[in-house]
Amino acid sequence: METNTSGQWVIVAQSHQLDRSRPLIPVTLDEKPFVLFRDEEGKLGLIGRHCPHRGADLCYGRLEDNGLRCPFHGWHFDRYGQCVEQPAEPEGSRMYTQIKVPMVPVKEENGAISAWMALEGDAR
Amino acid sequence: MISQELNDMITRIGPGTQAGAVLRHYWQPAALNDEMEDGLPVAVNLMGERLALIREGELLVLATRHCPDDAPSAQYPPSHEIEIDTSGPSYPAHEIKGIAFAYMGPGAPPPFPQFDCFRAPDSHVFAFKGLWHCNWLQALEIGIDPAHASFLHRFLQDEDQEDSYGKQFRDKAAHTNMPITQLLRDYPRPDIEVEETGYGLKITALRHMENDLTHVRVTNQIFPEAICIPMSREMTITQWHVPVDDETCYWYTIFTSFQKPVNKDLMREQRLKEHRLPDYAPLKNRENNYHYDPAEQAKLTYTGMGMDINVHDQWAVEGMGAIQDRTQEHLGRSDVAIIHYRRMLRRAIADLSDGRSDALPMQGDIAGLRGPLSNDAIADSKDWKAASHAVDLERRAACPWDASV
Ligand code: FES
Ligand SMILES: [Fe+2]
């Protein structure tokens, strides 16, 4: 995976940690809480742990519909942290298109999962 | 999203804070009568202060007690270890309906409003409490958020209603055979109407169903930190979210029954099974992941944390962090009551700083306040308002105590 900012790949987990029926674990990066999960396509997502709605803990999220769903009001996120559904908002609302959880690029090689850590000053 | 400065202003409640000053203008639940059964003094941790209920002659008083600065938020030393600090403030207290309330504000305490929970005879009310490790405001905000019940409390299968006494959301939806759990699941996008009232907010959630029927659920925010909501056809819940300090709070509930006396032994036993004493901390908590079970989450409940909806609420509000970081939130249309409430709280803060304490809700004439109406009804979509009223009046008319409004 290519990125424009300067930084480095840092190993944050081992693939086998996700070898379970619910492939999701909490990860701390730079003292900030994230959640690492595998979606139904087998792809990894590393996104902020607090739901951008009212801050519920996505570590207890529902892994379904090829993404992660917050149990508080059902907001649904894909592996890029993009909100794709807000089932309690009025029919036809487009608010979800504007909602994104912080996302960190990840890669998986030889059983190790690495995150792209931007250098100081390059952070979001 | 709001600024950090504003988040601090509306959440922090210690002595000298602005939101703390608003809350101190109202009676605060300080302890359950159950806690006073073995005599006084009883330790109390309230509004960032270390206190104890004592008796001075006939009067119940909430006095300051000596306590090391680093003692845990919800530590309760036994009676014989409590030492009163006579140099600290002391406040009037009053026992009513199973709870000792205290008034920690300036001037004379306001009268108790004639709400159902205070009017019902002792036989028809039951009080309990539970500890949550988070700020009081996020605890209150989940109670004025009618949409969350369709998700957080979703049951993927409907429970048998036989075993439903004393539990929330286990009845059939008004006048139908549909379990409330199914109704909440099938109609997750309520229209929410919010109306400012003399006591706070009336919140109406409308779920438009098939055949021109509408489910109408009326809940209330009672200023500053309580809610009044229906529990079952028989009972309502009046619940205060009382700060212990900035990062800890108790819910105090008065369950109020219209028709039959409350089975207090059963209600107490159900709840004591889920809590430990003396701090009333829930046995399912952050330390044991709320007994989270992914298999259950896949098949049975939305959270995987069992059937007790109090645990779901507790997880939701504790998981936000000690004080929810509202600089990162994105409120939606479903949060309309929360938005309205924060506006009221900010107005009250502004009124106090202008020296207009009588402009706060319920600080003036409260003689006309009754109820508040708090129920579920299913009505023709055209006249849901009248139907909701009629169902409430019917219940009140059949009630053995004076519940007239
Ligand atoms: S807090 Fe996550 S959907 Fe509301
Ligand atoms: Fe709830």
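Just so we're on the same page: letters track the sequence lines, and every chain starts at 1.
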field: Side chain, backbone, both or neither of A/Q86 within contact of chain B (heavy atoms, under 4.5 Å)
entry: backbone

query: Where on B/S334 is there a heavy atom nearer than 4.5 Å to chain A: the side chain, the backbone, both, or neither?
result: both

field: Ion pair B/E193/B/K202, N-O distance below 4.0 Å
entry: no

query: Do B/S381 and B/D212 have a side chain donor and acceptor closer than 3.5 Å?
result: no

- request: For the residue pair A/Q82 and A/D78, confirm or rule out a side-chain donor-acceptor distance under 3.5 Å.
  value: no

Check: B/H153/B/H312 side-chain N/O donor and acceptor closer than 3.5 Å: yes

- prompt: Which bit of B/Q328 comes within less than 4.5 Å of chain A, counting heavy atoms only: side chain, backbone, both or neither?
  reply: backbone

- line: Given B/N289, B/T303, B/D325, B/V317, the one with more heavy-atom pairs under 4.5 angstrom with chain A than any other is B/N289

query: Taking every heavy-atom pair that is under 4.5 Å apart, which of B/M320, B/Q324, B/E329 has the most such pairs with chain A?
result: B/M320

Any residue meeting salt bridge (Lys or Arg N to Asp or Glu O under 4.0 Å) with B/E195, in chain and number order, not counting sequence neighbours: none

statement: So, the part of B/Y302 with a heavy atom under 4.5 Å from chain A: the answer is both

statement: Applying a strict 4.5 Å limit to non-hydrogen atoms, the region of B/M305 in contact with chain A is side chain

- prompt: Which of these, B/V336, B/T204, B/I339, B/I144, sits in a side chain to side chain contact (heavy atoms under 4.5 Å, CB included) with B/V194?
  reply: B/V336

task: Output yes when A/E91 and B/R189 qualify as a salt bridge under the 4.0 Å nitrogen-oxygen rule, no when they do not.
output: yes

- request: Determine, for B/R286 against B/E318, whether the closest basic-nitrogen to carboxylate-oxygen distance falls under 4.0 angstrom.
  value: no

field: Top contributor to chain B contacts, counting heavy-atom pairs under 4.5 Å, from A/R69, A/M95, A/Q98, A/R62
entry: A/R62

field: Heavy-atom proximity to chain A below 4.5 Å, by part of B/I338
entry: side chain

- request: Considering only NZ, NE, NH1 and NH2 on the basic side and carboxylate oxygens on the acidic side, decide whether A/R79 and A/E40 come within less than 4.0 Å.
  value: no

message: Is it true that A/E41 and A/N66 share a donor-acceptor pair across their side chains at a distance under 3.5 Å?
response: yes

- request: Could you tell me which residues in residues 43-56 of chain A have at least one non-hydrogen atom under 4.5 Å from a non-hydrogen atom of chain B, sorted by residue number?
  value: A/H50, A/P52, A/H53, A/R54, A/G55, A/A56

- request: Sort by residue number and list every member of residues 11-27 of chain A having a non-hydrogen atom under 4.5 Å from chain B.
  value: A/R22

message: Under a plain distance cut-off of 3.5 Å, with no hydrogens placed, do B/H208 and B/T214 share a side-chain donor-acceptor pair?
response: yes

statement: Of the listed B/R333, B/M1, B/H330, the one with the largest count of heavy-atom pairs under 4.5 Å with chain A is B/H330

task: Assess the side chains of B/Q4 and B/D8: does a donor N or O sit below 3.5 Å from an acceptor N or O?
output: yes

query: Is the A/H73 to B/F151 ring centre distance short of 6.0 Å?
result: no

- prompt: Side chain, backbone, both or neither: which part of B/D145 has an atom under 4.5 Å from a heavy atom of chain A?
  reply: side chain

- line: Sorted by chain and residue number, the side chain to side chain contact (heavy atoms under 4.5 Å, CB included) partners of B/A322 (sequence neighbours excluded) come out as B/E247

message: What I want to check is whether the side chains of A/Y96 and A/R94 have a donor and an acceptor closer together than 3.5 Å.
response: yes

